[in-house]
Amino acid sequence: MAAYDLEEQEQLSQIKAWWEQYGNLVSGVTLAVALIAAGYQGWHWNQRKQAAEASALYTSVQQAAQAHNGQQAREAAGELISKYSGTVYADLGVLLAAKVQVDAGDAKNARTQLAWAAEKASDPALRDLAKLRLAAVLLDDKAYDEALAQLAKPGEGLEARFADLKGDVLVAQGKTAEAKAAYKQALELTDKTDRQDAKALHDLAQAKLDSLGGAN
């Protein structure tokens with residue numbers, strides 16, 4: 001029993017000496033881990049909170065679109081940009097709000113919203129779609145050079161639509177030869193894709209090309 005007590009005392013002394021040497025370090029590491037865990041949980045909670053709020057605002061844009069309420073759609077999209085830019089809800093909300101403005105004949109606000117999405121949308125595919133839609137609005141506004149600037153770098157998967165719209169802009173400028181080249185490019189691109197809308201776009205580009213006198 002006495003030997004056991006001595007052995008135990010020796011172990012306790014060793015533990016005490018180790019703790020005196022490393023105790024502060026262990027406490028610091030433990031505290032740091034606890035703070036990191038708390039911060040991580042707080043970050044996730046904040047992310048979920050922001051996602052829920054952004055989703056609610058996007059729902060407001062959808063409701064405004066269904067009601068054809070341009071002002072409500074514009075205001076909800078503006079709040080999405082202001083508070084939740086960088087989220088897909090902001091990207092989608094702005095694109096939808098811009099459509100409402102276009103349908104209402106409000107090209108000015110549509111251009112503003114599409115210009116934001118074309119430059120700052122978090123999803124590259126949505127940026128490209130915004131450029132395409134912005135170019136269409138600019139064409140209607142007879143801002144031909146600006147429209148062509150938006151179409152300068154076709155988005156992946158949208159190359160044929162970019163080429164077709166480029167042809168429309170060039171026709172509006174009276175540049176028949178260049179327009180034909182753009183439509184021919186659209187035809188070639190639609191032949192290389194299996195997208196569901198490829199045939200419809202192919203037929204449309206062919207009709208435009210034929211109206212200009214065909215490929216010659």
Side-chain angles (χ1 to χ4, degrees), residues 47 49-175 179 182-183 186 195-197 200-201 204-205 208:
Q47 289 293 103
K49 177 174 179 288
Q50 287 200 345
E53 292 171 351
S55 176
L57 279 172
Y58 177 65
T59 298
S60 295
V61 178
Q62 290 180 307
Q63 293 171 343
Q66 292 171 356
H68 306 288
N69 189 328
Q71 180 177 349
Q72 181 183 335
R74 185 169 64 252
E75 290 175 353
E79 193 169 352
L80 275 169
I81 291 174
S82 174
K83 296 181 178 179
Y84 307 106
S85 62
T87 68
V88 70
Y89 289 112
D91 302 346
L92 295 173
V94 169
L95 286 172
L96 181 56
K99 184 180 183 303
V100 177
Q101 310 308 317
V102 169
D103 292 343
D106 187 354
K108 181 179 179 181
N109 278 306
R111 284 175 62 168
T112 299
Q113 292 169 332
L114 289 170
W116 180 89
E119 182 180 353
K120 297 183 179 180
S122 59
D123 188 320
L126 293 179
R127 286 200 300 270
D128 292 333
L129 181 58
K131 289 178 183 179
L132 187 68
R133 293 183 179 179
L134 177 57
V137 173
L138 292 167
L139 170 59
D140 288 340
D141 276 354
K142 299 182 180 181
Y144 304 131
D145 289 338
E146 292 178 58
L148 290 174
Q150 294 298 324
L151 299 170
K153 295 181 179 179
E156 184 176 354
L158 295 172
E159 292 92 347
R161 293 179 64 186
F162 268 65
D164 178 71
L165 185 54
K166 182 179 179 180
D168 294 347
V169 177
L170 292 167
V171 167
Q173 288 183 310
K175 299 178 180 179
Y183 290 138
R195 286 173 59 99
Q196 293 182 347
D197 62 346
L201 182 57
L204 181 61
K208 293 176 182 177

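Side-chain atoms are counted along with the backbone in the values below, which use heavy atoms only and exclude waters and symmetry mates.
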Checklist line | For A186 against A205, the heavy-atom pair lying closest together | finding: CB-CB, 4.1 Å

Next item on the list: Could you walk me through whether V94 and L114 pass the side chain to side chain contact (heavy atoms under 4.5 Å, CB included) test, one step at a time?
Entry: CA-CA 7 Å; V94 169; L114 289 170; over 6 Å; no

Margin query: Enumerate the salt bridge (charged side-chain N to carboxylate O under 4.0 Å, His left out) contacts for residues 132-156, please, sequence neighbours excluded, ordered by first and then second residue.
Written below: R111-D141, R111-E146

Next item on the list: Enter the distance from L134:CG to L129:CG here, rounded to the nearest 0.5 Å.
Entry: 11.0 Å

Margin query: Going by the rule side-chain contact (heavy atoms from CB on, under 4.5 Å), which residues pair with L201 if we only count those two or more places apart in sequence or in a different chain?
Written below: A160, R161, D164, T190

N/O donor to acceptor pairs below 3.5 angstrom from side-chain atoms of residues 58-65, sequence neighbours left out:
from: T59; atom 1: OG1; to: S55; atom 2: O; distance (Å): 3.0
from: S60; atom 1: OG; to: A56; atom 2: O; distance (Å): 3.3

Margin query: Check whether Q113 reaches the backbone of A98 with its side chain - one donor and one acceptor, N or O, closer than 3.5 Å.
Written below: yes

Next item on the list: Quick one: pull up CH2 in W116 and CG in L80 and give me the separation to the nearest 0.5 Å.
Entry: 8.5 Å

Checklist line | Set of side-chain contact (heavy atoms from CB on, under 4.5 Å) partners for K99, sequence neighbours left out | finding: D103

Item checked: Set of side chain to side chain donor-acceptor pair (under 3.5 Å) partners for Q101, sequence neighbours left out -> R74

Note to self: Can you tell me how far apart CG (D106) and CD (Q71) are? Round to the nearest 0.5 Å.
What the structure shows: 10.5 Å

Next item on the list: Compute whether any side-chain donor of one residue and acceptor of the other, for Y144 and D168, lie under 3.5 angstrom apart.
Entry: no

Notebook entry, point to check: Any idea which heavy atoms bring S122 and P124 closest together, and the distance?
Noted result: O-CD, 3.6 Å

Notebook entry, point to check: Nearest 0.5 Å, what's the CZ-CD distance between F162 and Q150?
Noted result: 8.5 Å

Check: What's the shortest heavy-atom distance between A118 and A130, and which atoms?
Finding: N-CB, 3.5 Å

Check: Which heavy atom of A97 sits nearest a heavy atom of A77, and at what distance?
Finding: CB-CB, 3.6 Å

Item checked: Rounded distance [0.5 Å steps], CG in L138 versus CG in L148 -> 10.0 Å

Notebook entry, point to check: Measuring from L96:CG to D91:CG, what's the distance to the nearest 0.5 Å?
Noted result: 12.5 Å

Notebook entry, point to check: Restricting to pairs with a member in residues 117-127, which pass salt bridge (charged side-chain N to carboxylate O under 4.0 Å, His left out), not counting sequence neighbours?
Noted result: none

Next item on the list: Indicate the atoms forming the closest heavy-atom contact of G70 with V100, along with that distance.
Entry: CA-CG1, 3.7 Å

